[in-house]
A.B. asks: 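My questions all concern the structure below.
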Amino acid sequence: MAADHEYRFSFGPWNIGEGADPFGPEVRTPYTFAKKLDWFESLGFEGVQFHDDDVVENLEELSPEKCLEKAREVRKVLEDRSLVAEFVAPRLWFHPQTVDGGFTANSAADRQYALDRTLRTIDIAREVGTKAVVIWLAREGTYIREAKDAKLAYERILETLNKMLAYDPEISIWIEPKPNEPTDQAYVPTIGHAVAMAYQSDDPSRVGGLIESAHALLAGLDPADEMAFALAHDKLGSVHLNDQNGLKYDQDKSFGSANLRSAFNQVRVLDENGYGKRGEFIGLDVKVMRTQRQEGSVDHLVNSKATFLHLVEKVRTLDKDLERQYIEARDYEALDAYILRHLMGISS
Ligand code: 3MF
Ligand code: MG
């Protein structure tokens, strides 16, 4: 198996969850943040992904100074354990003032709330020790298209990106595209949209994307090709590897669980293009099955990481000569069969 230390892994505290879904409550008891950090260490995950309120609980109730002090405390806790914050993302979908979205809300007061909270997230990111801010545009969309002016919405998103860039000359913004859920129709649904917005921004070099496998699948796109597109533009800040069984609710299944070949191709595009060599993380945005008992709360993380490393091995042990021969002969049937045999571990 490929060596762990060649890749840096990350996930967010929300990935150790209690199993609540829209039809039922929690089925496992929550673990403390400290216990979750124990797992980061013991399972070999160096990077911690945060929402702003994962770093500073109840941040709305604290003064800006107190909030930054708390963020510095978290940084110290991470440093003591040799962990690092990978990014911080403003949680712009929970608060009453984000019901109609943040940057694209029809209410000017709500848009101001979203901007203020995002700039505060940048302050938190700085204090907790990362220069990356992720923007998942959760409610920036509509349930019926007539509810918002879509062109104006894109202008407003761009305006926010520019305000963020101007606020702190050192931060990078990674847009995490998703085509739907919780809204029906979301703005910036694919990495192509995100990259276009990056080029349109005041500092394209500081705007990129974070690609989540399931989000690409929900858009009917191939996650590996989405990653290739971002890599071709040098705009792949991070990834959220997971899986998704068709066009359903956002499932966040373990990596490779629904489509092992798609997972193989994601690992292939990352590994063959040197992703990770500049410190980029292999992020996992996976959810354990609701049926899992308390003691199995992190099995999905263990399994996803192991699958990733096994697939790195599969990528590196592919017979390149054979692959080239099949491609030169335009014998894609033979190539197809060879890939399947290779994934199944059949040597002849
Ligand atoms: C939703 C997501 C989010 C983002 C997270 C970080 C809760 O489908 O994937 O997870 O990844 O907010 O930006
Ligand atoms: Mg995600």
Side-chain angles (χ1 to χ4, degrees), residues 9-22 36 45 47-56 59 85-95 98 101-103 114 117-118 120-122 124-125 128 130-141 157 160-161 164 171-191 194 207-219 221 223 226-227 230 236-245 247-255 266 280-288 300-301 304 308:
F9 293 88
S10 62
F11 67 89
W14 66 88
N15 294 114
I16 303 176
E18 293 80 51
D21 71 15
K36 289 183 181 180
F45 288 81
V48 185
Q49 307 182 336
F50 287 103
H51 295 116
D52 50 2
D53 56 3
D54 293 323
V55 183
V56 184
L59 60 92
E86 184 191 2
F87 66 70
V88 185
R91 195 191 295 276
L92 287 174
W93 52 92
F94 234 78
H95 191 272
T98 60
F103 314 140
R117 179 134 180 191
T118 302
R120 208 165 173 191
T121 298
I122 296 175
I124 291 173
V128 81
T130 176
K131 295 189 165 83
V133 172
V134 164
I135 296 290
W136 169 46
L137 296 156
R139 297 192 189 277
E140 314 298 355
I157 293 170
T160 309
L161 296 177
M164 292 171 70
I171 58 138
S172 290
I173 305 169
W174 300 338
I175 301 171
E176 182 178 344
K178 185 177 180 183
N180 61 278
E181 202 196 39
T183 63
D184 179 20
Q185 301 168 104
Y187 302 123
V188 197
T190 72
I191 196 66
V207 185
L210 179 158
I211 295 180
E212 173 160 332
S213 324
H215 296 180
L217 291 165
L218 286 169
L221 297 168
E226 288 287 273
M227 288 171 193
L236 191 57
S238 191
V239 289
H240 268 171
L241 300 184
N242 59 14
D243 215 345
Q244 171 75 26
N245 187 21
L247 300 182
K248 299 173 186 169
Y249 63 96
D250 183 9
Q251 299 183 311
D252 296 339
K253 281 174 176 282
S254 289
F255 185 52
Q266 291 169 61
E280 303 97 323
F281 281 90
I282 297 297
L284 300 173
D285 198 358
V286 286
K287 194 181 277 174
V288 83
H300 58 315
L301 292 159
S304 294
F308 176 87

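The basis for the numbers below is simple: all heavy atoms, side chains too, and nothing from hydrogens, waters or symmetry mates. Whatever order the structure lists ligands and atoms in, that order sets their numbers, starting from 1.
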A.B. asks: With heavy-atom distances below 4.0 Å as the criterion, list the atoms of ligand 1 near Lys178.
C.D. replies: 1 (C), 8 (O)

A.B. asks: Using only N, O or S atoms, tell me which atom of Glu176 is closest to the Mg ion (ligand 2).
C.D. replies: OE2

A.B. asks: Do the ring planes of Phe255 and Phe308 sit parallel (below 30°), tilted (30 to 60°) or perpendicular (above 60°)?
C.D. replies: tilted

A.B. asks: Does Trp93 come within less than 4.0 angstrom of ligand 1, counting non-hydrogen atoms of the residue?
C.D. replies: yes

A.B. asks: Heavy atoms only: which of Phe50, Phe87, Trp136, Trp174 is nearest to atom 1 (C) of ligand 1?
C.D. replies: Trp136

A.B. asks: Show which atoms of ligand 1 fall inside a sub-4.0 Å distance from at least one heavy-atom site of Val134.
C.D. replies: 13 (O)

A.B. asks: At what distance is the nearest protein heavy atom to atom 10 (O) of ligand 1, and which residue and atom is it?
C.D. replies: Asp285 OD2, 3.6 Å

A.B. asks: Just wondering, is there an N, O or S atom on Asp252 that's nearer than 2.8 Å to the Mg ion (ligand 2)?
C.D. replies: no

A.B. asks: Under 4.0 Å, heavy-atom basis, I'd like to know which part of Glu181 is in contact with ligand 1: side chain, backbone, both or neither.
C.D. replies: neither

A.B. asks: In the protein, which heavy atom is nearest to atom 6 (C) of ligand 1, and how far is it?
C.D. replies: Glu176 OE1, 3.5 Å

A.B. asks: Determine yes or no for a side-chain-to-main-chain donor-acceptor pair under 3.5 angstrom, with Lys253 supplying the side chain and Asn245 the backbone.
C.D. replies: no

A.B. asks: Restricting to N, O or S atoms, which atom of Asp285 is closest to the Mg ion (ligand 2)?
C.D. replies: OD2

A.B. asks: Using the benzene-type ring in the case of Trp, are the ring centres of Phe103 and Tyr187 under 6.0 Å apart?
C.D. replies: no

A.B. asks: With a cut-off of 2.8 Å, does His240 place any N/O/S atom under that distance from the Mg ion (ligand 2)?
C.D. replies: yes

A.B. asks: Can you check side-chain hydrogen bond (donor to acceptor under 3.5 Å, both in side chains) on Glu212 and Asn242, steps first, answer last?
C.D. replies: CA-CA 7 Å; Glu212 173 160 332; Asn242 59 14; 2.7 Å; yes

A.B. asks: Classify the contact between Asp250 and ligand 1 as side chain, backbone, both or neither, using a heavy-atom distance cut-off of under 4.0 Å.
C.D. replies: side chain

A.B. asks: State the atom name: nearest N, O or S atom of Glu212 to the Mg ion (ligand 2).
C.D. replies: OE1

A.B. asks: Is the Trp93 ring parallel, tilted or perpendicular to the His51 ring (thresholds 30°, 60°)?
C.D. replies: perpendicular

A.B. asks: Would His215 and Glu226 count as having a side-chain donor-acceptor pair, cut-off 3.5 Å?
C.D. replies: no

A.B. asks: Quick check on contacts: which atoms of ligand 1 are under 4.0 angstrom from a heavy atom of His240?
C.D. replies: 11 (O)

A.B. asks: Would you mind checking which non-hydrogen protein atom is closest to atom 7 (C) of ligand 1, with the distance to 0.1 Å?
C.D. replies: Trp14 NE1, 4.0 Å

A.B. asks: Could you tell me whether Ile135 approaches ligand 1 through its side chain, its backbone, both or neither, with non-hydrogen atoms closer than 4.0 Å?
C.D. replies: neither

A.B. asks: Starting from atom 12 (O) of ligand 1, which protein heavy atom do you reach first, and at what distance in Å?
C.D. replies: His51 NE2, 2.7 Å

A.B. asks: Indicate, as side chain, backbone, both or neither, the part of Arg91 found under 4.0 angstrom from ligand 1 when only non-hydrogen atoms are considered.
C.D. replies: neither

A.B. asks: With backbone taken as N, CA, C and O and side chain as the heavy atoms from C-beta onward, which portion of Gln49 lies under 4.0 Å from ligand 1: side chain, backbone, both, or neither?
C.D. replies: neither

